[in-house]
Chemist: 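Please find one structure pasted underneath; my questions will follow.
Quick note on labels: first sequence line is chain A, next is B, and so on, each numbered from 1. When reading the values below, keep in mind they use all heavy atoms of this one structure, side chains included, and skip hydrogens, waters and symmetry mates. Because the structure is a prediction, the values reported are computed rather than measured.
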2 protein chains.
Amino acid sequence: MKRNTWQREAVKSALDAQEAFVSAQQLHATLRDDGTAIGLATVYRALSDLAAAGGADSLQSAEGEALYRACTPGQHHHHLICRNCGVTVEIEATHVEQWAKSIATEHGFTQPEHVVDVFGLCPECTALSAG
Amino acid sequence: MKRNTWQREAVKSALDAQEAFVSAQQLHATLRDDGTAIGLATVYRALSDLAAAGGADSLQSAEGEALYRACTPGQHHHHLICRNCGVTVEIEATHVEQWAKSIATEHGFTQPEHVVDVFGLCPECTALSAG
DNA sequence: CGTCTTATTGATAATGATTGTCAACATCAG
DNA sequence: CTGATGTTGACAATCATTATCAATAAGACG
């Protein structure tokens, strides 16, 4: 049976409060800073449960860390991510969905899934780097 | 000054001999099995040099390992990868390039880069899983 | 061919994210 | 309230990757 604990709630709402992709470590630090005493392992577990349940998106940073972000459940979407500050915009990619399916089929591949993410500098970071 | 060593040559040709993405560890094991005494650290170094020089593509597996594959230098391309056996097909994605640029611009993002990879089951693995 | 400079190697230690362990604890049905 | 058991959290363990550093070898030069 699945139980509801304040820890899982805390992780969920801490993730909701983020506008950018964050690592488990960062989220753990944030929670601690907010006065929430929670174990690191628990944050890892809560995040991977959330991701498995579709309540969060995850991706790997260039350095290999796992990053998480709250998302609308059930929606398949992709991301436009600032490589400097991490700010994220959800984007739709109907075109790309179609393209991925057809290219897979062309080559005889089945059960296609795809990883599509766009990295760049957000307006703010662009301004900063220009100044 | 950059020196030519048999170790780097060995890594390069071992990578060329692979039709799938492989990890540094796997490549090291392969080399050892072939009777080539080479250090693990050297394989790591050779692979990241190769990738930096454009002689190899790299991506992160779902488990977070770095995987490498020989590729045509200078060509920007994406991959269709079998999630079971790792076989890889290089694909072009002119559409997607354009789309990535325009979506980034729309949101005020600059210097767009993108990660686009399609995973699926190759014809062989599809047949196997069906049988 | 020898010699010298220094890039490279490789065994091993160190790092750092993530996962496993397991006793103590909290949740929820009854 | 109480008991069965899912969950927590401190810490150890794991695993890929990187740093360390003495020993080695590539290549320029004579």
Chemist: Just do the salt bridge (Lys or Arg N to Asp or Glu O under 4.0 Å) check on B:R83 and A:E113 with the steps written out, would you?
Modeler: CA-CA 10 Å; B:R83 80 167 68 89; A:E113 288 175 20; 3.5 Å; yes
Chemist: Separation of B:L67 atom CG from D:dA16 atom C1', in whole Å?
Modeler: 12 Å
Chemist: Write down the distance between CG (B:L47) and C1' (D:dA16), rounded to a whole number of angstrom.
Modeler: 13 Å
Chemist: Say whether, by atom type as modelled, one donor and one acceptor occur between the side chain of A:H78 and the main chain of A:V116 under 3.5 angstrom.
Modeler: yes
Chemist: Okay, side chain of A:S48, backbone of A:A46: is any donor-acceptor separation there less than 3.5 Å?
Modeler: no
Chemist: Could you tell me how far apart B:Q60 (CD) and C:dA17 (P) are, to the nearest whole angstrom?
Modeler: 14 Å
Chemist: Rounded to whole angstrom units, what separation is found between the CZ atom of A:R3 and the C1' atom of C:dC25?
Modeler: 10 Å
Chemist: Heavy atom of residues 4-11 of chain A under 4.0 Å from DNA chain C: which residues?
Modeler: A:N4
Chemist: Between A:M1 and A:E65, which is nearer to the 5' end of DNA chain C once each is assigned its nearest nucleotide?
Modeler: A:E65
Chemist: When rounded to the nearest 0.5 angstrom, what distance separates SG in A:C85 from CG in A:L128?
Modeler: 9.0 Å
Chemist: Do the side chain of A:R45 and the base of D:dG9 come within less than 3.5 angstrom through a donor-acceptor pair of N or O atoms?
Modeler: yes
Chemist: Output the rounded distance in Å from OH (A:Y44) to P (D:dT14).
Modeler: 18 Å
Chemist: Nearest 0.5 Å, please: how far is CH2 in A:W99 from CD1 in B:I91?
Modeler: 4.0 Å
Chemist: Checking side-chain contact (heavy atoms from CB on, under 4.5 Å) between A:L50 and each of A:R8, A:R45, A:K12, which is the one that passes?
Modeler: A:K12
Chemist: Walk me through it: do A:H79 and A:F119 pass the test ring-ring contact (aromatic ring centres under 6.0 Å, His included)?
Modeler: CA-CA 8 Å; A:H79 299 96; A:F119 294 85; 9.8 Å; no
Chemist: Provide, to the nearest angstrom, the distance between the CG atom belonging to A:L40 and the P atom belonging to C:dG16.
Modeler: 14 Å
Chemist: Could you check B:S48 against B:K2 and say which one's nearest nucleotide on DNA chain D is further toward the 5' end?
Modeler: B:S48
Chemist: Rounded to the nearest 0.5 Å, how far does OG of B:S102 lie from NE2 of B:H107?
Modeler: 9.5 Å
Chemist: In residues 21-37 of chain A, what residues come within less than 4.0 Å of DNA chain C, judged by heavy atoms?
Modeler: A:Q25
Chemist: Please report the closest heavy-atom contact between B:C71 and B:D57, naming both atoms and the distance.
Modeler: CB-OD2, 3.2 Å
